[in-house]
Structures are given as structure tokens and as C-alpha cells.
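Here is the structure we will look at.
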Amino acid sequence: MAMLRSQFLGTKLQPKSFSYKGALFSSELSFRYRPRYLAINGDSRGLRSFGTPSEHTKTYVKLSEEVQWALHNKNKPVVAMESAIYTHGFPNPHNLALAQDLEAIVRLHGAVPATIAIIGGIAKIGLDQQELEIIASSAGQPQTMKISRKDIPYIFGMGIAGRKLIGGTTVAGTMVLAHAAGIQVFGTGGLGGVHRGGQDTMDISADLTELGRTPVAVISSGCKSFLDIPRTLEYLETQGVGVFTFADGRSGDVDFPAFYTRDSGVKSPVVVRNEYEAASIIYAANNMFHTVPNASTFSSGLLFANPVPEKFAIPKEEIDFAISEAVREAAENNIHGPANTPYILARIKDITKGNSLPANRGLIESNVAMAAKVSVELNKMDRAELHLEQPREDNVAKARKSAEPFANIQYDRPHTKRPGNAVGKAFKSLSLDSTVPQSDSKDGDRAKSSGTTKSSISISDKLDSVQKSHGERDLPDISFPLASILVFGSVAVDTNCTANGTPQMHTSNIAKMSSSIGGVGYNVAFAAHLVGGNESVGLCSLVVDDVAGQTILSNRSLIQEDGLGTDGILKISSSTSRRTAQYIAVNDAKGDLVIAIADMGVFEERILDSHLSTIQVSDNLKWIVVDANWNPDTARAIMSKYSSLGVKVAFEPVSVAKSSRILQPSLKDRVNLGVYPQNMVNLTTPNQHELSAMHAAAREYGLFENEEWWKVIDAFGISSAGARDRFVSITNSAMTDRGIPLQTVQLLPFFPTIVTKLGVDGVLLTELLKPNDPRLRDPIHSKYILCRTFNMSDKLSIGGVYMRLYPCVEKVEDVVNVNGVGDTFLGVLVAGLARGLPLRNDLINLAQKGAVMTLRSKMSVHPKLRDLNKPLLDLVRGHHVEKA
């Protein structure tokens with residue numbers, strides 16, 4: 001094994017790569033003392049090896065998937081943001097609200113936010129929702145550090161020593177880490193500077209010296225107004241820092257701003273009119289010596305002062321008085337050093353009777369918006385230099401324009417699969433008013449066309465009395481007597497808001513709104529039912545006894561008329577922290593998602609776990625689908641139960657933020673995803689960004705160091721020599737450079753079949769083949785056989801790895817709605833698999849056609865998916881004839 005391992009690690013491998021500060025990165029930046037080989041967290045564009053990092057290798061900096069993708073080939077503009085404002089500025093929960101607001105503003109202006117913070121001794125560049133909450137909740141804690149340049153080695157070193165510290169990055173600290181990642185533009189509130197009396201105390205902020213040595217453009221409202229502004233500007237000039245002030249509609253000379261006020265009484269060295277001029281200066285600084293042989297790069301930063309918006313500005317006389325009083329009190333109380341700025345800011349707030357807070361918030365919102373605009377203009381120039389067009393947006397993932405790849409909007413990424421408007425009778429004008437619509441349909445009217453029979457348990461009739469008298473422990477048994485497909489997933493009330501134009505922040509917007517029953521689990525089940533015909537499909541989910549839950553249950557009979565078994569939708573008691581799942585999408589007039597907010601917290605509770613044994617199924621059950629909205633321990637419990645019964649398990653990743661949780665080791669139940677041949681999951685269908693998140697999670701949690709994982713990888717017998725060329729021949733160079741083929745192979749021991757959705761690039765199937773698979777001997781498939789296994793493959797029952805890129809069946813230009821597209825794809829796929837179809841070209845193309853239909857529909861699952869039932873049956877008949 002050792003020989004095979006070192007052979008596959010490929011010490012001579014020379015992948016195409018790019019680096020910043022000498023560090024290769026994909027979703028991580030790794031600073032290496034003595035690297036033995038290119039480790040898993042190596043280059044994002046070339047072939048990554050399967051090895052575990054050297055013991056001398058330590059990951060200090062991790063880029064989020066969204067930021068990493070955006071920086072790759074300048075795919076999208078990125079704006080760095082500090083985190084000290086959340087840890088040492090605004091209190092919790094106001095800091096979390098501000099963080100979410102600022103990220104939304106950056107996205108609204110077309111850029112990707114990269115909030116930077118230290119969590120667990122590791123610098124995170126680009127935070128997800130959970131990480132934002134961690135940073136926000138650390139505010140005011142004595143162990144929370146304020147991280148400038150000098151503190152970075154310490155907090156990293158303490159991480160190595162076992163002390164996993166948290167810290168908010170200052171302007172200087174953020175610049176260091178942003179530059180290491182290759183981020184050129186940074187938006188913040190105010191800069192540090194020379195303190196009053198600094199000529200005697202030498203109290204000068206590290207922000208100024210950082211600007212003199214680190215080529216990052218900082219957009220701020222000047223420096224803090226209680227500092228010595230003339231000396232601050234003199235010091236910046238000495239450091240070789242270009243200082244510019246946005247005219248903001250003014251002509252002639254303008255003052256350098258003084259944070260809370262637009263005028264400081266000190267003229268700005270240079271005035272720029274708009275974001276285009278600012279971007280031009282940054283571009284020139286980055287490129288002016290590139291034609292000169294052996295010339296060093298321009299190594300100092302640039303400061304662009306953006307005056308506070310007029311409506312938030314505090315009159316100069318008022319703020320000058322508050323500053324004088326605060327500075328005097330600080331001196332009298334002998335408050336110097338790091339404690340000085342927080343003390344003065346707090347006193348200014350008190351003296352101005354809180355007026356400084358809205359000014360503070362208003363100016364930083366304005367600054368990050370300007371930073372996003374500058375970054376967008378700079379990105380255009382950079383891409384023009386690279387002779388690249390703007391990256392073509394995935395039509396299936398059109399929501400990427402707002403945030404997706406990466407939803408964390410719950411504050412999740414808008415690409416998360418969610419429904420759009422109404423579908424069939426079940427989606428008729430659902431009301432969320434206090435008056436709950438009552439169904440006039442009978443419970444027994446469901447699904448004459450589906451061939452199902454009504455369960456003996458009527459949730460809506462029996463559950464109320466049971467819960468009121470006995471609580472959650474006595475939830476009734478659930479029966480799916482005929483289901484061949486059972487979906488465990490979310491059901492939610494979805495609200496779609498389409499604005500008349502571009503939605504505006506901080507005010508009401510006129511929009512058309514519609515509500516419907518949706519959720520990932522519901523969409524997958526409904527799509528499988530429509531396409532499957534007589535194939536019985538059941539849905540197991542949770543609602544709360546609240547208005548939204550009553551809305552869903554009151555429309556249950558309408559859903560059942562369409563044939564979907566919903567007796568598994570359990571109603572549980574309400575509480576202050578428990579609500580029926582809801583999802584709100586805000587779209588612009590073109591239908592593109594601007595922002596989405598989801599509340600799926602009910603699925604985090606482990607209510608279903610103790611009732612799994614009460615779910616009655618028949619021998620007819622062939623597939624279950626589990627979506628990632630469930631608590632990962634609950635999801636694994638479901639998978640474990642049904643995989644042990646010989647039922648096939650499909651995992652729907654849902655979103656980047658949630659997709660990775662299934663790989664997190666369970667400390668409580670110790671039920672983890674098995675490694676082939678003891679795997680719990682048979683199939684997963686991530687998009688490329690979810691795939692990357694799952695791969696990063698497996699690496700982070702040490703799953704690639706597992707000996708059982710290594711046995712499977714070694715059995716593949718893939719050598720580093722020529723592996724990249726093989727990936728390119730099966731897919732293409734761009735896909736290989738993004739690491740997609742390699743990531744799928746590395747995840748195969750946990751997910752033996754991975755169907756990666758690539759939008760306009762089609763679908764990539766990566767499959768672990770058993771020794772008796774006929775494709776291993778079929779000349780037609782030989783070009784898709786990535787490897788044939790030897791050595792220990794007999795013990796592991798591995799015949800090889802099959803990889804095939806299926807082209808997109810249709811490039812859709814007239815996209816109506818991106819919500820539910822991935823759910824539809826999986827629903828059609830599982831409907832075919834439950835019928836016994838192999839995962840081949842015809843079935844994958846049929847699933848793509850279903851996704852295209854939903855793309856052109858206002859609904860989350862196109863009701864005319866029934867039209868695909870006949871083509872599916874034709875495929876089934878053809879398969880039976882072929883087998884005979």
C-alpha cells in the first residue's frame with residue numbers, strides 16, 4: 001500500500017498553479033516549512049494529489065468556496081471586510097445584523113463579500129452564516145482578540161499549541177490576509193491614524209504602516225475623527241501611500257473626510273470623481289511595471305476616502321465638541337494603547353446621545369457599497385487584460401448573480417434549491433393570514449392515478465388530540481404500504497417576491513408576492529411522483545402547529561389529489577423557538593434572485609429520530625432520498641436504518657452551507673458515513689459548488705486520512721503520471737483546473753455514485769464500478785473507464801472508476817425561474833432508478849429535460865412533468881428487452 005500511495009501522491013507532479021505570497025491555494029492557503037508533496041489543500045487549478053499533508057505542513061488560512069471561485073481567473077469581483085467592528089465595535093446582536101447587511105450590500109452591487117476573521121486559530125476569508133454568528137457572539141468576551149499584523153503569528157501559533165482562539169481583524173490585519181489571498185479592494189468604516197499628541201507618545205496606528213507596505217486599496221471614511229488628521233496625512237505621505245477622496249457630487253477642492261462629518265478642514269491631496277477613476281488608479285498601481293524586466297511590483301497600498309452620506313453626517317461643531325470631551329477624559333483616565341479607541345468611541349456615542357451610531361453604520365454601509373463598485377470596475381479591467389469575457393452564468397444556476405455559488409442565506413446562498421410559484425391544485429393561493437384556508441376535499445380522494453391507498457393514520461384527524469394530551473413522544477405510527485420511493489426532507493411555505501425593478505435596501509419595495517407549498521424534500525417527492533406514474537412516492541417531514549403549519553396541512557388533501565403520499569408530514573407542538581419552515585425569495589424584475597431568507601430550524605431538532613422505528617414500509621421500497629436540511633445526526637440515523645435494510649439511499653446536498661454537514665463526524669451518536677463497501681449513501685447529486693464544499697469538509701474532518709478510505713483509493717491504482725491528462729480527456733481542461741473530476745474521485749469511497757450538476761456544462765457522472773459491471777468490458781464505454789483496479793479490489797469488490805461528462809441537453813436562454821431545478825433533476829432521476837433503470841445516458845438526459853422544463857416554469861416543479869412519464873416507461877421497456 002505504501003508503494004501505491006507514494007506513487008499516486010506523485011512527488012514529481014508539476015501541476016499548473018498560481019500563488020500569492022508563495023502559497024498555493026484552492027479553498028485554503030497553506031504556508032509550508034518543508035513540503036514533501038503537493039497535499040490535498042494544494043492548487044485549485046491543477047491536479048491535486050490524494051496525499052495527506054506533511055506533519056510540517058499547517059493550514060493557517062482558509063478561503064471560503066465562494067471567494068476561492070470568485071478569485072479563480074478573476075471570475076467575479078471580491079471585497080474584503082474586517083471583523084474587528086463586530087468583535088470590538090457593535091454589540092451582539094446588532095453586530096450580526098450589520099454583518100449580514102454589509103454582505104448583502106456587497107452582493108447587491110455585483111461583488112462577492114469576503115469578511116475576514118480568525119476562528120479556531122485559523123484565518124477564514126469569507127464567512128458562512130455559522131461563522132458570522134460565532135464572530136458576533138464573541139463580542140465582549142475577554143478572550144476575543146483584536147488582530148493586527150503583529151498578532152497574526154501569535155494567534156496562529158496558539159492554534160498549533162492547542163489554544164484555538166477567536167479574533168476580529170483590524171484594518172492592518174485584514175489587509176495582510178486579503179493580500180495573501182489576492183483580494184485587491186477592502187471596504188471598512190474608518191482608518192486608524194496618528195493619535196493627538198502622537199508626536200510625543202508615538203501612538204501611531206499600524207493601519208498606516210500597513211498601507212505603506214501592502215498593496216491593497218482601502219475604501220474608508222477617512223480616519224477616525226478624534227485622531228490628528230493633518231499628521232495622519234503627513235505620515236501616509238512619508239509611507240508612500242496614495243490618498244484620494246471621492247468628490248461625491250462636489251466640484252473643486254474637497255476636504256479629506258473626518259469619519260462622522262464630511263469636512264475636516266484639511267484639503268484632500270487628490271480628488272477622484274467616481275469608482276471608475278478609483279479602479280483605474282488601482283489597476284495602474286498593479287500593472288505599471290509589468291513590462292519592465294526584473295522590476296519589482298508596486299508594494300504600497302492606496303487609501304480612498306469616501307465621505308459619510310449627508311443624511312448621516314453629524315454637524316462639525318457637535319462632533320468636534322464630543323471628540324474634545326472624549327479625548328480629554330481618556331487622557332485624564334490614562335487610557336492609552338489598544339484601549340484608547342474603543343473608549344473614545346463609546347464616550348462619543350454617549351456625548352452625542354447615540355447620534356454617532358447611525359452615522360457609524362451609515363458610513364460603513366456606504367463604504368462597502370463603494371468598495372463593491374470599485375471592485376466591479378477593476379474586475380472588468382483585469383478580465384480585459386486576460387482577454388476573458390465575463391464568465392458565462394450557468395442558466396440553471398442563474399441565481400449565482402446575487403450570491404450563489406454560496407448560499408448561506410439563511411442568510412444562505414440564493415442558489416439553494418427552493419420552490420417558486422404554485423404547482424397544481426396544491427398551490428392555489430395559499431394564505432398566510434390568521435384565517436387558515438379550509439380544504440373542501442376529502443382525505444380519501446388522493447391519488448387514484450397513483451395506485452396508492454390511504455394510510456390508516458390520518459395525521460390531520462388524530463394528531464391534534466394525541467399531541468395535546470401526550471406531547472411529541474406519542475406521535476402516531478406512519479405507514480407507507482406501497483411506496484417504492486420515500487423522501488425525507490423539508491416541506492415549507494414559500495413566498496416569492498418579485499419587485500417592479502431592482503429592490504432597494506432599507507425601505508419598502510412594491511412587488512408581486514405569491515405563496516406556495518415547497519421545500520427541497522417536497523419538490524423532489526412531487527417531481528418523482530409526476531414522472532413515476534404508478535410508482536408510489538411518500539414524503540416524511542415536519543410542520544409545527546402554527547399558522548404556516550396549518551396552511552400546509554389544510555392543503556394536504558389537495559396535494560393528495562395530485563397523488564403524493566403525505567401522511568408522513570407530522571405536526572408537532574409550537575414554541576417560541578420552533579416554527580414551520582418558511583422560505584422567502586426576493587427577485588428583481590427579471591426574476592433573478594437578489595436575496596433569500598430561510599428558516600429551516602425545525603429540522604435541526606432531533607424529533608424524528610425516536611420515531612423512525614414507527615415508520616412502516618413494505619418490501620416494495622427501493623429508494624429513499626434524504627435532504628441536508630435535517631440535523632446531520634438525524635440524516636445519518638435515517639440513512640443507517642434504511643441502508644441496513646438494503647434500501648438504496650440518495651443524498652440531496654441542498655446548499656453549500658448544508659452539504660458539508662453530513663461529513664462532520666458525530667460525537668454523540670458515533671454514526672458516521674461509512675466507507676465503501678460499508679457506505680450508507682449510494683448516490684449524491686451536488687452542483688459543483690456543493691461538491692467543493694463536501695470535499696473541503698472531508699479534508700477538514702480528516703476523512704482523507706482514514707485508513708479505510710486509503711484502501712479504496714489505493715485499490716483504484718491511479719498513478720499521478722498522466723492522471724491530469726486523463727481527467728482532461730474525459731471532461732475538459734477548465735473543469736479539471738477547477739478540481740471537479742479529482743474531487744469526485746476522492747469522495748467516491750463515501751458516495752460511490754456522484755452526479756455533479758454543472759449547468760450549461762452538463763452533468764458529470766463519477767461512479768465506482770463493481771468487478772462484474774459490463775461497462776468494464778464494453779468497447780463503447782472504454783474511453784470513460786478512468787481506471788481498472790487491481791491488487792485488493794477483490795476483497796473490496798471494486799472493478800474500476802467510470803467517469804463520463806454528459807452534455808447539457810439544451811442551453812436555455814428564456815429562463816423564468818431557477819428555483820427547484822436541481823430538485824426536479826433528482827426527482828426524475830430517482831423515479832427512473834426505482835423502476836430499475838441503470839444510471840446511463842438516457843435517464844440522465846431525461847432528468848436534464850425535466851430540469852429544463854422547470855427552468856421555463858414559474859413553478860418550482862413543472863406540473864407538465866407528467867409528460868415525461870411515457871418516455872420513462874419507454875426506457876423501462878427498452879431496458880427489459882435489452883436484459884432479456
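Both backbone and side-chain heavy atoms feed into the values below; hydrogens, waters and symmetry mates do not. None of the values given here were measured: they were computed from a predicted structure. Numbers here are sequence positions counted from 1.
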- More than 12 heavy atoms of other residues, nucleotides or ligands under 6.0 Å from CG of Asn772: is that the case? yes
- Message: Please check if the number of heavy atoms outside Lys770 that lie under 6.0 Å from its NZ is greater than 12.
- Response: no
Shortest non-hydrogen separation from [X] to [Y] and the atoms involved:
X: Asn687; Y: Thr756; value: C-CG2, 4.1 Å
X: Val647; Y: Leu621; value: CG2-O, 3.9 Å
X: Ala628; Y: Val654; value: N-CG2, 3.3 Å
X: Ala136; Y: Leu96; value: CB-CB, 3.7 Å
X: Thr854; Y: Ser860; value: CG2-O, 3.3 Å
X: Gln582; Y: Ala548; value: NE2-CB, 3.8 Å

- Message: Can you tell whether the side chains of Arg606 and Asp609 come within less than 4.0 Å, N to carboxylate O?
- Response: yes
- Message: Between Arg661 and Glu604, does any NZ, NE, NH1 or NH2 come within less than 4.0 Å of an OD or OE carboxylate oxygen?
- Response: yes
- Just say parallel, tilted or perpendicular for the rings of His529 and Phe526, cut-offs at 30° and 60°. tilted
[X] side chain to [Y] backbone, donor-acceptor under 3.5 Å:
X: Lys124; Y: Ile119; result: no
X: Asn631; Y: Glu605; result: no
X: Gln746; Y: Gln743; result: no
X: Asp714; Y: Phe716; result: no
X: Arg636; Y: Ile662; result: yes
X: Asn629; Y: Ser490; result: no
X: Thr551; Y: Val547; result: yes
X: Arg835; Y: Gly532; result: yes
X: Asn523; Y: Gly519; result: yes
X: Thr766; Y: Thr744; result: no

- Query: Given the rule in the side-chain contact (heavy atoms from CB on, under 4.5 Å) test, do Leu846 and Val828 qualify, once you have shown the distances and angles that lead to the verdict?
  - Reply: CA-CA 7 Å; Leu846 191 70; Val828 176; 4.3 Å; yes
- Message: Would you say the ring centers of His695 and Phe704 fall short of 6.0 Å from each other?
- Response: yes
[atom1]-[atom2] distance between [X] and [Y], expressed to the nearest 0.5 angstrom:
X: Tyr676; Y: Glu708; atom1: OH; atom2: CD; answer: 13.5 Å
X: Asn679; Y: Leu748; atom1: CG; atom2: CG; answer: 10.5 Å
X: Leu868; Y: Leu530; atom1: CG; atom2: CG; answer: 9.5 Å
X: Leu127; Y: Ile134; atom1: CG; atom2: CD1; answer: 9.0 Å
X: Leu833; Y: Leu839; atom1: CG; atom2: CG; answer: 5.5 Å
X: Leu768; Y: Thr789; atom1: CG; atom2: OG1; answer: 8.0 Å

4.5 Å side-chain heavy-atom contact, [X] and [Y]:
X: Leu612; Y: Ile638; result: yes
X: Leu758; Y: Leu764; result: yes
X: Leu683; Y: Phe651; result: no
X: Leu703; Y: Phe750; result: yes
X: Pro653; Y: Lys658; result: no
X: Ile713; Y: Pro749; result: yes
X: Phe825; Y: Val763; result: yes
X: Asp545; Y: Gln550; result: yes

- Steps toward side-chain contact (heavy atoms from CB on, under 4.5 Å) verdict (Phe751, Leu663): CA-CA 11 Å; Phe751 308 98; Leu663 291 149; 4.1 Å; yes
Would [X] and [Y] count as having a side-chain donor-acceptor pair, cut-off 3.5 Å?
X: Glu700; Y: Gln664; answer: no
X: Asp546; Y: Thr580; answer: yes
X: Glu652; Y: Thr685; answer: yes

- Item | Qualifying residue, where the test is side-chain contact (heavy atoms from CB on, under 4.5 Å) with Val520 and the options are Val487, Val491, Val625, Asp627 | Asp627
- Assess whether ring-ring contact (aromatic ring centres under 6.0 Å, His included) is satisfied between Tyr642 and Phe488, documenting all intermediate values. CA-CA 11 Å; Tyr642 288 97; Phe488 291 86; 5.6 Å; yes
- Task: Tell me, with the steps shown, if Leu747 and Ile754 meet side-chain contact (heavy atoms from CB on, under 4.5 Å).
- Result: CA-CA 8 Å; Leu747 288 171; Ile754 301 175; 3.7 Å; yes
- Message: Test side-chain contact (heavy atoms from CB on, under 4.5 Å) on Tyr522 and Ile517; report intermediate values, then the result.
- Response: CA-CA 8 Å; Tyr522 179 84; Ile517 298 176; 4.2 Å; yes
